Chemist: 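Okay, handing you the structure first.
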Protein chains: 2
Amino acid sequence: MVTMKDVAERAGVTKQTVSNVITGRVHVSPATAARVRAAIDELGYTPNLVARSLATGSTRTVGLIVPTVTGSFYSELTEEVEDVLAVHGYHLLLGTTRLDGERAKQHLTGLTSRLVDALLVAGDVGLTEHLPVLADARFPVVLCAWEGEAPDTLPVVTIDYERAGFLAGRHLRELGHERVAVLGHPAHAPRIAGFRRAFAKDGITVPDRAVHFAPEPTPAGGIAAANAAFAADPDLTALFTTEDLLALGALEAARAAGRSVPDDLSVVGHDDTMEARQLSRPALTTVSLPKREMARQAIEVLMRAVTTSEAPTNALQLLRPTLIVRASTGPAAPAGRGQ
Amino acid sequence: MVTMKDVAERAGVTKQTVSNVITGRVHVSPATAARVRAAIDELGYTPNLVARSLATGSTRTVGLIVPTVTGSFYSELTEEVEDVLAVHGYHLLLGTTRLDGERAKQHLTGLTSRLVDALLVAGDVGLTEHLPVLADARFPVVLCAWEGEAPDTLPVVTIDYERAGFLAGRHLRELGHERVAVLGHPAHAPRIAGFRRAFAKDGITVPDRAVHFAPEPTPAGGIAAANAAFAADPDLTALFTTEDLLALGALEAARAAGRSVPDDLSVVGHDDTMEARQLSRPALTTVSLPKREMARQAIEVLMRAVTTSEAPTNALQLLRPTLIVRASTGPAAPAGRGQ
DNA sequence: CTGAAAGCGCTTACAG
DNA sequence: CTGAAAGCGCTTACAG
């Protein structure tokens, strides 16, 4: 394996000079620089990045922890992170938790040892309890896509999930809906709270029995939850699902139950995924989250901390969601149908 | 920052002894081992992995290059790779190409410098031309999910794509279809060739004008391509799409054109994605690929090469696809409809 | 079972 | 502008 010393000998200089022409930190006379470059080419030399990392204390790698890379939300976030990193010349070390606390912990401890210059943790499920592991991490950490309670010691760039739910609820209220149900996941409590707030403003409470947790975050899970909701309240006129895939299942369940959307039933989703945009019939009204923007800002906070080697401020940055009205929502039917 | 030397001083031993208790390579007396461990805890010492990597020559990281992490095929592959890696105690460095040759090249060259112990390249689009960059890589490389021509210098673990297309075609032939069209992408030439072979066996040629390339690999792209196919041959009775998402679009286009599936039109997809399983109406007949198995085998070949430090044999391993018959295919209609 | 030495391949002040 | 030295924090034979 050819090293800097080999190049130096070949070019008739010392290895420091070779280092200088490679890093460009110190000016080298054009003549010797050319000799060095020639030697590099002839020998097919490539620098050993591990050695460089040890000397500089930087691996030019950042770690990203996400729940999964399946499903458009986190995969788009991952690609956005990768893009921003590439601009800065950084590599991406990826770990997925699969919503499993043990896996999350393993990743957290595994990265504690200077393998990465910084760490971005996206998604809080199963992670919150293991965050203390990071207490004496010697690199900056930022949290994003954080829906639960975030520790106030760390900077977090996330979305105003409560508002996302509120937007969905307000839209339904404006259409006159009163009897509604929520299909979701326990981890989405803030969205659900926001949704409820929109109704509470008008003195309408969305009772706990109107909140149905789906067995899995898939269309099949949505079908099951929707059927449960129909059974619990045959007179409901609208559904808010905390994930688009659940909404697609709900649409299917409505069809099977003979409920026409949006005439008999309005459905609003959450995330504005590709599935919502291209596969739902009717086209799904949903809440769109600025995920790419969030990824970009989170990683920028991280990169700033890395390049300035100052700890980032532990600010909480909240990005605003947007409601996208399509064809799955309409005015509340004049009366219940009690089918 | 606390180092091994600090721990050694605290425990009253030399740093080599500390190293010995950490690596476990050399037996250390229980008494001193306990002292060392205590010192580690008190000081909150964690080993510097970069220094270890430089000394051992291994980073315990493998690189994975995929076209994208959006869409279920490569994201499931990525998670499978991650799982196998975790078993071996390895980290995952991820790079996506987005089907862009330039990005691919950057990743390839970026990893050339001992940052990774091994490299898995999944998906050939835009990559083949840049593979020579890897010529003097000092770590094992394996190719997978390789549909185009693979260089015979590297081991490849892939799927028999030609057979995948053949299975789709044979199924349609067994149902009596003769006038068919293909919706796909130029990079899927092998699947298309296999599909054609199934018809050629019975003396039926699928002409070039029956092959329609979709503008994009999405349902919208599928709609466009399906409409082109209907226009080119109003009498066709079946469609093979080289990706499930195109099939979903085709189903939509058929509905819009008043063609009932599978009575008037049969549709067979490719990949058996979540969308095909849960979102298609009627349920999509498709070809299932053993992607997780492929990922597992590819990474095992890599890990074997890494642990034995023998170059892997440049074998070509072909995994077999399976046809999943659901509800979108049926017997060919007795006569064309010429609508 | 423990210690002294050398080395992994770079970079970073610091002299000249 | 170039060279000699020290150091990044480990591991790996090799003595004792």
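None of these values were measured; they are calculated from a predicted model. Sequence lines set the chain letters: A, B, ... in the order given, protein chains first and strands last, and positions in each chain run from 1.
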Chemist: Do K291(B) and E80(B) sit within salt-bridge range, that is, some charged N less than 4.0 Å from a carboxylate O?
Modeler: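 No salt bridge links K291(B) with E80(B).
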Chemist: Convert the base pairs of DNA chain C into dot-bracket notation, remembering that pairs crossing earlier ones are written with [ ] and that bases paired across to another strand are shown as |; include only Watson-Crick or G-U pairs under 3.5 Å.
Modeler: |||.||||||||.|||
Chemist: NA contact type, T23(B), heavy-atom cut-off 4.0 Å: base, sugar-phosphate, or nothing?
Modeler: sugar-phosphate
Chemist: When rounded to the nearest 0.5 angstrom, what is the spacing between OG1 in T313(B) and CG in L154(B)?
Modeler: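 That separation rounds to 11.0 Å.
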Chemist: Would you mind reporting whether T128(A) and W146(A) have side-chain heavy atoms less than 4.5 Å apart?
Modeler: yes
Chemist: Checking side chain to side chain contact (heavy atoms under 4.5 Å, CB included) for the pair Q106(A)/H130(A): CA distance, chi angles, key distance, verdict?
Modeler: CA-CA 9 Å; Q106(A) 283 195 355; H130(A) 298 298; over 6 Å; no
Chemist: On DNA chain C, compare the nucleotides closest to T56(B) and I22(A); which residue's is nearer the 5' end?
Modeler: T56(B)
Chemist: Using heavy atoms and a sub-4.0 Å distance, could you list which residues of residues 41-51 of chain B are near DNA chain C? By number, please.
Modeler: none
Chemist: Starting at the 5' end of DNA chain D, which residue's closest nucleotide do you reach first, H27(A) or K15(A)?
Modeler: H27(A)
Chemist: Give me the first and last nucleotide of DNA chain C, going 5' to 3', that has any atom under 4.0 Å from a heavy atom of chain A.
Modeler: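 Counting from the 5' end, contacts occupy dG9(C) to dT12(C).
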Chemist: Taking atom types as modelled, find out whether S75(B) and S72(B) have a side-chain donor-acceptor pair closer than 3.5 angstrom.
Modeler: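 Short answer, no.
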Chemist: Categorize T32(B) for me: base, sugar-phosphate, or nothing, with a 4.0 angstrom heavy-atom threshold over every strand shown.
Modeler: sugar-phosphate
Chemist: List the steps, then state whether salt bridge (charged side-chain N to carboxylate O under 4.0 Å, His left out) holds for R304(B) with E310(B).
Modeler: CA-CA 8 Å; R304(B) 204 170 308 132; E310(B) 286 177 13; over 6 Å; no
Chemist: Charged N to carboxylate O below 4.0 Å: is that the case for E293(A) and R296(A)?
Modeler: yes
Chemist: If the test is side chain to side chain contact (heavy atoms under 4.5 Å, CB included), which one of V62(A), D117(A), T61(A) qualifies with H91(A)?
Modeler: T61(A)
Chemist: The test is salt bridge (charged side-chain N to carboxylate O under 4.0 Å, His left out); show your working for E9(A) and K15(A) and say whether it passes.
Modeler: CA-CA 8 Å; E9(A) 282 173 4; K15(A) 67 182 195 309; over 6 Å; no
Chemist: Just wondering, do V69(A) and E82(B) contact through their side chains at under 4.5 Å, heavy atoms?
Modeler: no
